[in-house]
Amino acid sequence: MTERRTRLELTGMSCANCAGTIDDALAELDGVVESDVNFATDEGTVTYDPDETSLAAIYAAVEDAGYGIVRESVTIPITDMSCANCAETNETALERQPGVIEAEVNFATDEASVTYNPAETDRPALYDAIEDAGYTPVRDDEGGDRGDAGASSQDRQDAARQAEIDRQKRLVLFGAALSLPLVAMMAVELLAPGTMPETVAGVEVGWLAFLLATPVQIVLGREFYENSYTALVKNRTANMDVLIALGSSTAYVYSVAVLLGLIASEGLYFDSAALILTFITLGNYLEARSKGQAGEAIRQLLEMQADTATLVDEDGNEREVPVEEIDVGDRMKVRPGEKIPTDGTVVDGSSAVDESMVTGESVPVEKSEGDEVVGSTVNQNGVLVVEATKVGSETAIQQIVSMVKDAQSRQPEIQNVADRISAYFVPAVIVNALLWAGVWYAFPEPLAGIVGAVPFLGLVAGGPMVAGGTVSVFEFSVVVFASAVLIACPCALGLATPAATMVGTSIGAQNGVLFKGGDVLERVRDVDTVVFDKTGTLTTGEMQLTDVEVVGTAADGGTAPDGGQLEPELDESVVLSAAASAERGSEHPLAEAIVTGARERDLDPAEPDDFENVPGQGVRATTDHGEVRVGNRRLLESNGVDPAPAAETMERLESEGKTAMLVAVDGDLLGVVATADTVKDSAKAAVSALHDRGLTVHMITGDNERTAEAVAEQVGIRPGNVRAAVLPEDKADAIEAIQDDGERAMMVGDGVNDAPALAAAFVGCAIGSGTDVAIEAADVTLMRSDPQDVLKAIRVSEGTLTKIKQNLFWALGYNTAMIPLASLGLLQPVLAAGAMALSSVSVLANSLTFRSYTPSEDYRLLGRFR
């Protein structure tokens with residue numbers, strides 16, 4: 001048993017019992033030999049067997065016990081991966097590094113996403129692990145602001161990618177310059193057999209071909225041979241480079257042996273050896289360019305950031321500073337046409353702001369004092385003074401970039417199938433090539449007869465060449481081997497999913513839809529039920545006070561707060577003043593509407609002396625009026641107040657779609673206050689479009705049944721699909737009840753109380769105007785408060801999965817069709833290399849055509865492939 005010892009930095013412990021709880025949780029893990037948690041230092045050490053458990057399982061055990069544990073994440077660009085197997089090799093190397101919790105490497109984006117324990121490892125160690133595996137990481141400078149580091153890291157990655165594109169271009173030009181004479185010699189021999197002179201410029205044709213092909217073999221072939229050695233010897237795996245090296249070196253070494261007289265044959269394949277490497281390098285060059293184009297969306301987002309800001313001090317003095325120097329609380333002047341430097345709040349001025357780069361919405365949004373603005377958006381007309389609230393990596397634009405990058409690193413489940421195929425593909429291809437080369441060598445005439453008997457195949461160079469004595473049996477077996485290994489490179493298979501996912505997540509970001517991962521992108525398409533929260537999702541969430549009514553004993557007189565009798569002249573102002581004074585302690589939209597309504601009626605609600613929020617029922621507060629309760633029927637009934645006198649009033653107001661609340665003082669019912677929320681203009685269209693797609697639409701709310709039904713009727717949700725009076729803690733249970741019937745639900749919400757439901761749903765979708773907690777719990781974030789963007793998310797998911805399937809069809813179809821042809825000797829090595837390079841480029845090109853898609857219409861209804 002190989003034991004590993006790790007040190008953990010813990011958070012959330014408050015006593016020695018906490019340390020014991022963590023120890024107990026770790027002890028339950030198979031493979032944990034010993035654990036020691038110290039409450040005084042907030043640290044712990046764990047000795048474990050990595051063959052039985054993992055660091056990820058240890059972290060999960062601590063977090064499941066209710067405590068925090070320090071971790072860090074980093075994205076590392078890698079410049080020289082050539083296939084999905086390379087990505088897998090890097091993943092394995094990183095996961096073996098002590099302290100790494102999780103590692104994912106994406107071949108399409110050329111990046112590794114690593115989560116690690118900073119107490120046990122650091123970035124340089126991760127870079128070293130990648131280099132030890134035979135690959136090149138783009139090193140990031142340590143220290144500095146995270147926002148600066150992120151931007152400079154992107155710059156370094158772009159520079160590294162451009163350098164790789166330029167390098168591949170130079171190699172292609174070098175290979176082409178030396179290969180073209182070989183192509184000309186081959187063309188003469190094919191088109192006019194026997195006319196090729198034996199010498200050219202005094203040099204025998206065979207040796208001339210050797211002189212032209214050898215530099216190509218050395219310069220272009222070097223990295224393939226080095227990578228093959230690293231893969232086979234150091235990593236004990238086989239990747240695409242192994243197949244290319246085998247195919248090219250087989251043709252080259254065979255030709256050298258013939259030229260030296262070691263093999264009795266007239267066949268020379270120097271042209272094939274050179275063209276194989278030139279074609280493959282050309283494919284790598286086009287692939288690198290396509291990857292750069294696929295990642296253009298992220299670069300465009302980062303380029304939208306302002307470079308400088310105009311800071312304003314308390315005396316009104318202005319000075320221009322780099323945006324990196326802005327701190328939270330700084331005030332910035334933003335003139336018309338300028339970009340807002342960072343996220344903030346308008347403290348002076350009014351203007352229209354173009355937020356299309358964040359939300360996808362082309363109509364500018366009016367902003368005035370108190371409104372929030374997003375960094376990198378463009379001020380259209382008036383002058384704004386903005387106070388910075390988020391800077392560096394905390395700004396919306398950096399969060400969007402981070403989320404898109406995370407999404408691109410997390411691949412759909414369909415990619416796992418492709419990865420499993422690729423892992424076994426290369427060894428299987430080599431075995432297949434050896435088998436068929438051996439079979440052709442052992443049984444040339446029977447196989448040639450079978451191949452030649454098929455009308456179409458009989459016209460193709462291959463088996464008939466052997467039957468007619470055109471080439472030797474050994475020579476033909478070598479051709480079969482080289483062709484079979486070259487045609488089967490799994491590059492296209494490895495690119496099929498990540499390339500489409502990269503484009504799909506970028507399309508989403510450009511249209512205000514952020515997916516947390518490629519796996520989420522896949523799940524969204526499979527949703528068959530959409531569950532909307534009401535307030536702030538289907539409605540604006542901007543409540544307004546609409547009604548104040550005196551009811552019951554309050555109108556006829558009753559017990560006053562001082563124990564005396566209420567006067568008959570009691571009116572609406574007393575009811576509203578009592579309700580508003582109690583609600584001043586709450587931040588709920590209903591409370592704000594009541595307080596605002598009171599002030600608009602020239603009332604001045606006093607601060608409560610004591611305040612209690614009763615979840616799902618209302619509030620209780622001690623005020624100048626006495627013990628005030630404002631809420632629903634359950635709140636009053638549980639405190640011995642009979643709501644019956646207000647029943648008729650409540651029913652009438654609720655049937656009008658209003659939220660009615662009872663007001664009681666010192667155990668006596670005073671009256672009813674009602675607020676109303678406006679249904680969003682796009683809510684009805686969104687529900688209708690979802691119904692047209694065959695999806696079931698539900699609504700869930702903590703509001704009463706009559707109000708909920710009224711709103712549902714307005715937007716088109718069927719009465720049987722409305723769940724009203726649901727407490728915050730019960731929303732997750734309601735979602736699970738819906739999913740118990742086998743439905744895959746997308747929960748759409750915006751509040752803190754929606755977070756558990758978002759997490760419980762098959763897909764959680766947070767409206768971007770909602771709270772950070774809701775967004776954190778969600779799988780999809782909609783940057784606008786428009787329920788129609790749910791359709792955008794589904795459409796982007798559907799379109800991306802369509803592209804993935806197209807890519808996988810072509811990649812697998814290509815290999816399925818070409819491997820048998822190569823095995824039967826019907827494909828020359830040069831053609832095999834060219835076809836292999838073309839397959840990868842075609843998959844990337846197919847993915848790039850998706851960039852023009854806009855999710856305003858269903859991808860499946862476009863009537864064409866883009």
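Because only heavy atoms are used, hydrogens play no part in the values below, and waters and symmetry mates are left out as well, while side chains stay in.
Pro608 and Thr623 make their closest contact through CB-CG2, 4.1 Å (heavy atoms, listed as atom of the first residue, atom of the second, distance). Of all heavy-atom pairs spanning Ala766 and Leu758, the tightest one is CB-CD1, 4.4 Å. The two residues Leu521 and Val796 come nearest to each other via the heavy atoms CD1-CG1, 4.2 Å. Here the closest non-hydrogen pair linking Ala309 and Ile326 is CB-CD1, 3.4 Å. Closest approach of Val312 to Lys333, counting heavy atoms only: CG2-CB, 3.7 Å. Nearest heavy atoms, Ala579 versus Val630: CA-CG2, 3.8 Å.
Interatomic distance, Leu538 CG to Asp677 CG, rounded to the nearest 0.5 Å: 10.0 Å. One distance of note links CD of Gln544 with CD of Glu600; it measures 7.5 Å at 0.5 Å rounding. Remark: Leu55 CG to Thr121 OG1 distance equals 10.5 Å, nearest 0.5 Å. Distance check, rounded to the nearest 0.5 Å: OG1 of Thr11 to CG of Leu8 gives 11.0 Å. Here the CG atom belonging to Asp789 is positioned 8.5 Å from the SG atom belonging to Cys765, to the nearest 0.5 angstrom. Residue Arg123 holds its CZ atom at 8.0 Å from CD1 of Ile76, rounded to the nearest 0.5 Å.
The shortest side-chain heavy-atom distance between Ile340 and Val374 does not fall under the 4.5 Å cut-off. In this structure, Val62 and Leu10 have side chains that are in contact, with non-hydrogen atoms separated by less than 4.5 Å. Counting heavy atoms from C-beta on, the side chains of Ser351 and Lys367 never come closer than 4.5 Å. Two residues are said to be in side-chain contact when any heavy atoms from C-beta on lie closer than 4.5 Å; Ile69 and Tyr59 meet this criterion. Looking at Val531 and Met699, their side chains never come closer than 4.5 Å, going by heavy atoms from C-beta outward. Taking 4.5 Å as the limit, some side-chain heavy atom of Phe532 sits within range of a side-chain heavy atom of Val790. Looking only at side-chain heavy atoms (C-beta outward), Glu366 and Ser350 stay at 4.5 Å or farther from each other. No side-chain heavy atom of Glu111 sits less than 4.5 Å from a side-chain heavy atom of Ile78.
With Thr115 contributing its side chain and Ser73 its backbone, the two residues share no donor-acceptor pair below 3.5 Å. Looking only at distances, no side-chain donor or acceptor of Thr800 sits under 3.5 Å from a matching main-chain atom of Thr501. One N or O on the side chain of Thr539 and one on the backbone of Gly536 form a donor-acceptor pair closer than 3.5 Å. Looking only at distances, a side-chain donor or acceptor of Asn379 sits under 3.5 Å from a matching main-chain atom of Gly382. For the pair Asp327 (side chain) and Asp330 (backbone), a donor-acceptor distance under 3.5 Å is absent. Side-chain atoms of Asp354 do not come within 3.5 Å of backbone N or O of Gln380 as any donor-acceptor pair.
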Going through the checks in order, is the side chain to side chain contact (heavy atoms under 4.5 Å, CB included) test met by Asp533 and Lys731? CA-CA 9 Å; Asp533 176 54; Lys731 284 189 176 182; 3.0 Å; yes

Would you sort out whether Val619 and Val614 count as a side chain to side chain contact (heavy atoms under 4.5 Å, CB included), showing the intermediate values? CA-CA 5 Å; Val619 301; Val614 184; over 6 Å; no

Could you walk me through whether Val383 and Val334 pass the side chain to side chain contact (heavy atoms under 4.5 Å, CB included) check? CA-CA 6 Å; Val383 177; Val334 187; over 6 Å; no

Asp343 vs Thr395, test: side chain to side chain donor-acceptor pair (under 3.5 Å). Steps then yes/no. CA-CA 6 Å; Asp343 295 4; Thr395 60; 5.1 Å; no

Could you walk me through whether Val513 and Met783 pass the side chain to side chain contact (heavy atoms under 4.5 Å, CB included) test, one step at a time? CA-CA 6 Å; Val513 179; Met783 298 302 292; over 6 Å; no

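Remark: Arg601 engages Leu545, Leu576 in a side-chain contact (heavy atoms from CB on, under 4.5 Å) (not counting sequence neighbours). Looking at residues two or more places apart in sequence or on another chain, you find a side-chain contact (heavy atoms from CB on, under 4.5 Å) between Glu9 and Arg7, Val70, Ala119. Checked against side-chain contact (heavy atoms from CB on, under 4.5 Å), Glu164 has the following partners two or more places apart in sequence or in another chain: Arg167, Gln168.
Between Arg139 and Asp128, at least one side-chain N (NZ, or NE/NH1/NH2) sits under 4.0 Å from a carboxylate O, which counts as a salt bridge. Comment: Arg523 engages Asp779 in a salt bridge, judged by a side-chain N to carboxylate O separation of less than 4.0 angstrom. In this structure, Arg335 pairs ionically with Glu318, as a charged nitrogen and a carboxylate oxygen lie closer than 4.0 Å. Arg71 has a carboxylate O that lies under 4.0 Å from a charged side-chain N of Glu63, or vice versa, which qualifies the two as a salt bridge.
Other residues, nucleotides and ligands place more than 12 heavy atoms under 6.0 Å from the CG atom of Asp313. For Glu612, the CD atom counts as densely surrounded, since its 6.0 Å shell holds more than 12 non-hydrogen atoms of other residues, nucleotides or ligands.
A donor and an acceptor atom, one from each side chain of Asp371 and Thr345, are nowhere located under 3.5 Å apart.
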